[in-house]
Amino acid sequence: MDAKDILAAVQDEAGQQNLFRQADEVRRRYCGDVAQLRGVVHFSNCCCRDDLYCGLRKSNKDIKRFRMTGDQIVETALAIAEAGLGTVVLQSGEDYGYTRELLCSVIRRIVDSADVAVTLSLGERPDDDLRAFRDVGASRYLMKHETMNPDLYARMRPGLRLADRLRTIETLRALGYQTGVGNVVGLPGQTDEDLAADIAFFQDFQPDMVNIGPFIPHADTPLCGAAIGDMDRMLRVFALTRIVTGNTHLAAANTVATLAPEDGQYRAFVQGGANVIMPNCNPFLKSKKDKIEYEFQITTKKRYVSIAEAKDVLRRAGREAAAGKGDSLKMQGEACD
């Protein structure tokens, strides 16, 4: 799609049902009626960044910080494997309290003990760290670009530049990671043109995975009084992303369930073309399940979907959980005919 057509579709609320139908047809062609179920371990909410929209920001003094030990991370990851999920996602704030050596040990222990893929979502790390994590067995990395508007990016993420983020994303791909990106829909000051630029980036980069989420103001951030993201607008971004990327894995994130607890993720599947859902698996860590499960609050009262709830979303959407690790469809071929 060219830039003009993308922008028109982002803005066309009246015609969105046709857009949703087209996205669902593309999803069915490339992904079939199976969905990827991926277990997330939120192992630290400490963060060195000060993003205006994120509850984990370093300036938030009201959050109760936590860090899992290496043993706790491995324990939780192996419980995910025992539950039959083929992918473990290790996610944290941008926390340099975890050294390269510690994270390499964790990754190695997981892949040596279970037949699972390891996805990392750790923010920006030095190139040598990223290379080391890949060498010991991590095969995927999710790094949302947030927005393709460099001025908006700099405003939302003080002291940081979009160009540096994009360079790291390119490095991930060059290192051989299955590379995921994503944006936030509804950031204060964001325009339809900005969203069209995000979709054009997805089209040009053809990522292995995309994670799209709505802006939801957090009570302990400078944006606490801003308007919440719009569900239909976000779903149009979902649908367009599916259309322009074809066989990219497209995730219905937990923030989508936070925005619309009753049917947000369901609509992302049946209207937006999603084919991935990532339940929170911290409850598998029995020793601190209550404390850890609810402290990874990027948005206020972020809803964490359990494996059982995720499977119910798939059932309602007419999907079955896929077997195996769910590697990139970009690597496997074009379509599911």
Side-chain angles (χ1 to χ4, degrees), residues 34-46 66-143 168 171-180 208-209 211 249 251 276-289 292-293 296 306-307 310-311 321-332:
V34 297
Q36 304 299 324
L37 194 62
R38 299 177 171 178
V40 182
V41 184
H42 298 110
F43 67 86
S44 168
N45 66 356
C46 300
F66 75 89
R67 285 188 174 115
M68 283 187 181
T69 66
D71 287 345
Q72 288 173 326
I73 300 169
V74 173
E75 173 192 336
T76 310
L78 296 184
I80 291 170
E82 290 174 8
L85 279 66
T87 296
V88 173
V89 182
L90 303 182
Q91 185 172 40
S92 69
E94 207 153 318
D95 184 358
Y96 288 90
Y98 291 88
T99 65
R100 179 195 309 168
E101 292 73 21
L102 174 56
L103 290 171
C104 282
S105 173
V106 165
I107 295 163
R108 186 184 296 110
R109 290 169 64 190
I110 293 169
V111 298
D112 284 351
S113 302
D115 186 24
V116 292
V118 173
T119 299
L120 303 178
S121 182
L122 313 178
E124 295 177 41
R125 302 278 303 203
D127 291 358
D128 287 345
D129 286 9
L130 300 176
R131 184 177 295 105
F133 302 155
R134 183 74 183 93
D135 288 345
V136 297
S139 56
R140 306 168 189 165
Y141 206 108
L142 173 62
M143 181 174 289
T168 304
T171 297
L172 290 168
R173 173 163 280 181
L175 289 171
Y177 282 100
Q178 297 174 41
T179 305
D208 299 286
M209 178 179 169
N211 187 315
H249 286 312
V276 175
I277 192 165
M278 299 190 293
N280 170 45
C281 294
N282 282 43
F284 279 136
L285 184 64
K286 298 178 178 62
S287 56
K288 291 187 176 180
K289 67 176 184 179
I292 291 176
E293 182 180 358
F296 201 81
S306 68
I307 291 177
K311 288 181 176 179
K325 299 178 182 179
D327 279 321
S328 171
L329 295 173
K330 302 289 183 189
M331 299 167 52
Q332 297 177 18

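Note that these values count all heavy atoms, side chains included, but never hydrogens, waters or copies made by symmetry. Nothing fancy with the numbering, it's 1 onward along the sequence.
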- Give the minimum heavy-atom separation between D208 and S328, together with the two atoms involved. OD1-OG, 2.5 Å

- Nearest 0.5 Å, what's the CD1-CD distance between I80 and E82? 10.5 Å

- With a 4.5 Å limit on heavy-atom distance, are the side chains of L172 and R134 in contact? no

- Message: Under 4.0 Å between a side-chain nitrogen and a carboxylate oxygen: does that hold for D95 and R67?
- Response: yes

- Message: Please give me the minimum heavy-atom distance between G39 and L85, naming the atom from each residue.
- Response: N-CD2, 3.4 Å

- Within the side chain of Y177, is there an N or O that forms a donor-acceptor pair under 3.5 Å with the backbone of L120? no

- Message: As an exercise, state the distance from CG of L90 to CE of M68, rounded to the nearest 0.5 Å.
- Response: 9.5 Å

- Task: Kindly indicate whether the side chain of L142, heavy atoms from C-beta on, has any atom under 4.5 Å from the side chain of V89.
- Result: no

- Query: Given E94 and C46, is the side chain to side chain contact (heavy atoms under 4.5 Å, CB included) satisfied, shown in steps?
  - Reply: CA-CA 7 Å; E94 207 153 318; C46 300; over 6 Å; no

- Task: Check I73, L122, D129 against Y98 for a side chain to side chain contact (heavy atoms under 4.5 Å, CB included) and give me the one that passes.
- Result: I73

- Query: Who are the side chain to side chain contact (heavy atoms under 4.5 Å, CB included) partners of V116, not counting sequence neighbours?
  - Reply: A81, V88, I110, A114

- Item | For the student: nearest non-hydrogen atoms of V106 and G70, plus distance | CG2-CA, 3.8 Å

- Pairwise distance CD(E75) to OG1(T69) - rounded to 0.5 angstrom: 8.0 Å

- Item | For M143 against G123, the heavy-atom pair lying closest together | CE-O, 3.1 Å

- Message: So that I can tick it off, tell me whether D128 and R131 are bridged by a salt bridge, with the cut-off set at under 4.0 angstrom between side-chain N and carboxylate O.
- Response: yes

- Message: How close do P279 and I307 get, counting heavy atoms only, and between which atoms?
- Response: CB-N, 3.6 Å

- Keeping the roles fixed (side chain from T76, backbone from Q72), state whether a donor-acceptor pair exists under 3.5 Å. yes

- Message: Y141 and side chain to side chain contact (heavy atoms under 4.5 Å, CB included): which single residue from L130, L175, T168 fits?
- Response: L130

- Item | Exam field: side chain N45 to backbone F66, donor-acceptor pair closer than 3.5 Å | yes

- Task: Verify, without hydrogens or angle tests, whether R38 (side chain) and G326 (backbone) share a donor-acceptor contact under 3.5 angstrom.
- Result: yes

- Can any side-chain N or O of T87 pair as donor or acceptor with the backbone N or O of K325 at less than 3.5 Å? yes

- Working for side chain to side chain contact (heavy atoms under 4.5 Å, CB included), residues T119 and Q178: CA-CA 9 Å; T119 299; Q178 297 174 41; over 6 Å; no

- Output yes when a side-chain donor or acceptor of H249 lies under 3.5 Å from a complementary backbone atom of D327, and no otherwise. yes

